[in-house]
Amino acid sequence: MVKLRKACEDDVYQIRELLKNWLVETKLDFGKTNNSKARENILEYIDKHFVIVAEDDNKIIGSIAMANCDTWYTDKAFYRTLWFFVDQEKRNPIIAKSLLDFAREYAKIRNIPMILEIVQGKDMERKHQWATRQHLNYLGGTYSEGL
């Protein structure tokens with residue numbers, strides 16, 4: 001049975017290994033993971049921001065993280081997703097929706113809008129349709145050159 005919970009420092013290794021699979025799926029090829037840098041950043045996100053994990057048999061199979069941000073031109077706060085990923089072998093819409101709903105509720109309680117911007121990789125049309133069914137507003141896309 002999958003359970004959701006707030007991440008703790010002991011989860012850093014499992015989250016990092018999970019997100020290495022996310023990096024394989026993305027079209028952004030920034031090279032090999034710097035394990036110590038990833039560890040430090042994940043620890044900071046757990047300590048200062050918002051990280052939730054989905055766990056099945058004591059193994060982390062999914063996670064969503066958000067940072068409280070504002071823009072360079074206003075002071076209006078929003079939650080920006082840092083990652084949102086469910087392991088390919090355990091992936092299903094229920095786990096993804098549960099993670100998203102948890103994050104949405106967190107943002108709603110704090111009365112701060114959430115922007116889900118880390119959606120990339122394979123099968124983008126399916127992901128777009130899923131996000132639309134979750135009543136998220138489509139704002140645009142991410143483009144690159146030379147990656």
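Taking both residues in full, the closest heavy atoms of Val51 and Trp83 are given as CG1-CZ2, 3.9 Å, listed atom of the first, atom of the second, then distance. The minimum heavy-atom distance between Leu99 and Gly62, with the atom names listed, is CD1-C, 4.0 Å. Shown here for Gln14 and Ile60, the closest heavy-atom pair between the two residues is OE1-N, 2.7 Å. Heavy atoms only, all atoms of each residue included: Ala96 and Phe84 are closest at O-CZ, 3.4 Å. What you find for Pro113 and Ala77 is that their closest heavy atoms are CD-O, 3.6 Å. Minimum interatomic distance between Tyr79 and Ala107 (heavy atoms only, all atoms of both residues): CD1-CB, 3.7 Å.
Between the CG atom in Asn68 and the CD1 atom in Ile112 there is a gap of 4.5 Å [rounded to 0.5 Å]. Rounding to the nearest 0.5 Å gives a distance of 7.0 Å between CG of Asp47 and CD of Glu9. From Ser36, atom OG reaches atom CZ of Arg16 across 8.5 Å, with rounding to the nearest 0.5 Å. Atom CD of Glu105 sits about 11.5 Å away from atom CE of Met114, to the nearest 0.5 Å. Rounding to the nearest 0.5 Å places CG of Asn21 at 9.0 Å from CZ of Arg91. The distance from the OG atom of Ser63 to the CG atom of Asp87 is 12.0 Å, given to the nearest 0.5 Å.
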Can you check side-chain contact (heavy atoms from CB on, under 4.5 Å) on Leu100 and Leu136, steps first, answer last? CA-CA 11 Å; Leu100 178 63; Leu136 295 170; 4.0 Å; yes
Please assess Phe102 against Ile64 for the test side-chain contact (heavy atoms from CB on, under 4.5 Å), listing each intermediate value before the final yes or no. CA-CA 9 Å; Phe102 200 120; Ile64 190 168; 5.9 Å; no
Go through the steps to decide whether Ile95 and Asp56 satisfy the test side-chain contact (heavy atoms from CB on, under 4.5 Å), and finish with yes or no. CA-CA 11 Å; Ile95 296 171; Asp56 187 22; over 6 Å; no
With side-chain contact (heavy atoms from CB on, under 4.5 Å) as the criterion, how do Gln134 and Arg104 come out once you've worked through the C-alpha distance, each side chain's angles and the decisive distance to 0.1 Å? CA-CA 11 Å; Gln134 305 314 308; Arg104 288 171 108 164; 3.8 Å; yes
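More than 12 heavy atoms of other residues, nucleotides or ligands lie within 6.0 Å of NZ in Lys20, so this atom counts as buried by the packing criterion. Within a 6.0 Å sphere centred on CZ of Arg5, heavy atoms belonging to other residues, nucleotides or ligands number more than 12.
A 4.5 Å side-chain heavy-atom check between Asp70 and Lys76 finds every atom pair outside the cut-off. For the pair Leu82/Asn41, no side-chain contact is recorded, criterion being any heavy-atom separation below 4.5 Å from C-beta on.
Side-chain N or O atoms of Asp57 include none that pairs as donor or acceptor with a backbone N or O of Lys59 at under 3.5 Å.
Arg80 forms no cation-pi arrangement with Phe78, by the criterion of a distance under 6.0 Å to the ring centre and an angle within 45° of the ring axis.
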